[in-house]
Peer 1: 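Sharing a structure below in structure tokens format, with a few things to ask.
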Amino acid sequence: MKPIAALKKYKSQLGDSLWSICGLVLMNAIAQIALYPFLAKQLGEAGYGEMQYLLAYINIVTVSVGIAANLARMTAPTEERMQYNGNYNVFLLLVALLGVPGALLIRRFSGVYMDIPTTVCYYGLFVAMLFRYYADVAYKLTLNYRLYFVYYGLIGAGYVGGVFLFRATGIWPLAILPGEALGVLFAYTVGPTLRKRPFAFSPAWKHAWRAILILCVSEGIPNVILNADRLLLKWLVGASAVTIYYLATLVGKTMSLVSTPLNGVLIGYLARYEGRLTRRIMRVVLFGSLAVIVLATGVCVGGGYVVLLWLYPEELEAVRPYLFLGSLAQVFFFVTNIVATVLIRFAKKIYQVFI
């Protein structure tokens, strides 16, 4: 197929991907250029490492459960996918309730001091992020990726507001919470997809919950691995080491987040695809993945130097030895996320756990 003909054929998909990526890039640009460097300067190397360490606990659960519910709904039968919100909202509410003892255990045993206001806001951030990682399903179901862009833009705007809340209170979760909460509020109020019959169960709700639980495991395994650097470094070395390694993987992790909107577009169209997964398609996926790994690693290493020189010059020498391997690890995470999304459309969900 000629390039121009291919562009015309896949114009809609390319446009959707562009809106999704632009929205996520906007949100992460605000977070990585404005929010996190500001927090790093205010909290110091050790304090910033402690913040990233505590965020790792939230990320493991919220990303795994939120995306699992998201994917389970996208791969459910059409009627269940479009009509029944209770299958997913109630599951998320139960996980949110389990977060109460979880937050108290982290406060008691994490090794990082949190006063009561910080603990309350920490739990609020957990709930907001849990629903935020699920809520963008509203735009995947309707293929409305312009609203997807607005969704991410509002999250970024909330991060800006969070900077002022942090300056006024000194409570670091309040720097992130407004953005997450604003995204959830927008998704649940603009458009009827998520607010229509919010607690209605489908007849096959047990099947839906089983799918979510299986996907929680398959999503949880890579998320534990992705966040294990912060946990292990804090336990074995100290909070300052968390900051160093976090900065070494900064550009790579930012790029790996692009897999979220790409997966959203991909699963939205694959849900409507009636064909089979052929060997030819898998060859294209394989060689395309290898090319992306090489190119993206080079971009992440070069971009990492630029970002460190610009935003974190004092940490550059400490971070330099880990920049290549840190970037390569995140690129592999990005690529495997995309490939797994292709496979989930055609294979049984239990295979996600094995993979």
Side-chain angles (χ1 to χ4, degrees), residues 24 28 52-76 87-103 105-106 110 122-138 140 155 173 176-177 180 183-184 187 207-232 246 249 252-254 256-264 266-267 329-330 332-345 347-355:
L24 189 62
N28 277 287
Q52 291 295 340
Y53 164 70
L54 292 171
L55 279 175
Y57 288 110
I58 289 180
N59 286 334
I60 289 171
V61 178
T62 60
V63 174
S64 302
V65 177
I67 292 180
N70 194 310
L71 289 174
R73 183 164 187 175
M74 288 302 304
T75 55
N87 291 4
Y88 311 96
N89 286 337
V90 173
F91 187 92
L92 293 175
L93 285 172
L94 290 174
V95 175
L97 288 175
L98 291 174
V100 175
L105 288 171
I106 290 170
S110 68
Y122 181 74
Y123 171 71
L125 179 61
F126 167 80
V127 175
M129 289 180 67
L130 177 67
F131 278 88
R132 200 267 284 180
Y133 279 105
Y134 164 73
D136 66 6
V137 75
K140 299 173 188 176
I155 295 171
I176 309 169
L177 178 56
E180 302 294 324
V184 174
H207 177 78
W209 279 30
R210 180 177 180 274
I212 296 171
L213 288 170
I214 292 172
L215 289 168
C216 280
V217 176
S218 66
E219 291 292 325
I221 292 169
N223 276 311
V224 169
I225 295 169
L226 180 67
N227 290 278
D229 52 7
R230 309 184 208 183
L231 302 179
L232 292 173
Y246 173 78
T249 61
K253 281 187 175 179
T254 301
S256 71
L257 292 174
V258 174
S259 64
T260 302
L262 282 179
N263 287 346
L266 198 58
I267 198 68
Q330 301 310 314
F332 269 109
F333 182 79
F334 165 77
V335 171
T336 52
N337 256 345
I338 299 295
V339 174
T341 300
V342 175
L343 295 180
I344 195 176
R345 166 60 182 83
K348 294 180 179 179
K349 292 179 177 62
I350 191 65
Y351 291 153
Q352 293 293 103
V353 179
F354 302 148
I355 291 167

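Keep in mind that this is a model prediction, so the values were computed, not measured.
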Peer 1: Return the minimal non-hydrogen interatomic distance between A72 and L215, and the atom names on each side.
Peer 2: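 Here A72 and L215 meet closest at N-CD1, 3.6 Å.
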
Peer 1: Which pair of non-hydrogen atoms, one from C216 and one from A68, has the smallest distance, and what is that distance?
Peer 2: N-CB, 3.5 Å

Peer 1: Test your reading of the model: is there a side-chain donor-acceptor pair from R230 to the backbone of Q52, 3.5 Å cut-off?
Peer 2: yes

Peer 1: Locate the shortest heavy-atom distance separating N223 from I60; write the atom from each residue and the value.
Peer 2: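 Smallest heavy-atom distance, with atoms named: O-CG1, 3.8 Å.
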
Peer 1: Just how far is it from atom CG of L231 to atom CG of L54, taken to the nearest 0.5 Å?
Peer 2: 9.5 Å

Peer 1: When rounded to the nearest 0.5 angstrom, what is the spacing between CD1 in I214 and CG in L71?
Peer 2: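 Answer for the CD1-CG pair, I214 versus L71, is 13.0 Å.
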
Peer 1: Under 4.5 Å between any side-chain heavy atoms of L55 and I176, yes or no?
Peer 2: yes

Peer 1: Checking Y88 side chain against Y134 main chain: does a donor-acceptor pair fall under 3.5 Å?
Peer 2: no

Peer 1: Step by step, work out the side chain to side chain contact (heavy atoms under 4.5 Å, CB included) result for T62 and Y57.
Peer 2: CA-CA 9 Å; T62 60; Y57 288 110; over 6 Å; no

Peer 1: Looking at T249 and Y246, would you say the former's side chain and the latter's main chain have a donor-acceptor pair under 3.5 Å?
Peer 2: yes

Peer 1: If you compare all heavy atoms of L92 against all heavy atoms of L130, which two are closest, and at what distance to 0.1 Å?
Peer 2: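 Distance-wise, the nearest heavy atoms are O-CD2, 3.3 Å.
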
Peer 1: Looking only at heavy atoms, what is the nearest atom pair of I155 and G183, with distance?
Peer 2: CG1-CA, 3.7 Å

Peer 1: Check whether any side-chain heavy atom of E180 sits under 4.5 Å from a side-chain heavy atom of L125, and report yes or no.
Peer 2: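 They are in contact (side-chain heavy atoms under 4.5 Å apart), so the answer is yes.
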
Peer 1: Any side-chain heavy atom of V61 sitting closer than 4.5 Å to one from M129?
Peer 2: no

Peer 1: Do the side chains of V65 and Y133 get nearer than 4.5 Å, heavy atoms only?
Peer 2: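 Sidechains of V65 and Y133: no contact.
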
Peer 1: Side chains of F126 and V95, heavy atoms from C-beta outward: is any pair under 4.5 Å?
Peer 2: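 Side chain of F126 against side chain of V95, heavy atoms only: contact under 4.5 Å found.
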
Peer 1: Can you tell me how far the CG atom of N70 sits from the CD1 atom of I212, to the nearest 0.5 Å?
Peer 2: 10.5 Å

Peer 1: Where is the tightest heavy-atom contact between L177 and A128, given as atom of each residue plus distance?
Peer 2: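 Looks like CD1-CB, 3.7 Å.
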
Peer 1: Look at the rings of W209 and F91 and say which category their plane angle falls in: under 30° parallel, 30 to 60° tilted, over 60° perpendicular.
Peer 2: perpendicular

Peer 1: Any side-chain to backbone donor/acceptor pair from Y123 onto A96? Under 3.5 Å, distance only.
Peer 2: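 Confirmed, Y123 side chain pairs with A96 backbone.
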
Peer 1: Mind checking the NE2-CG spacing from H207 to N87? Nearest 0.5 Å is all I need.
Peer 2: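 So the gap between those two atoms works out to 10.5 Å.
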
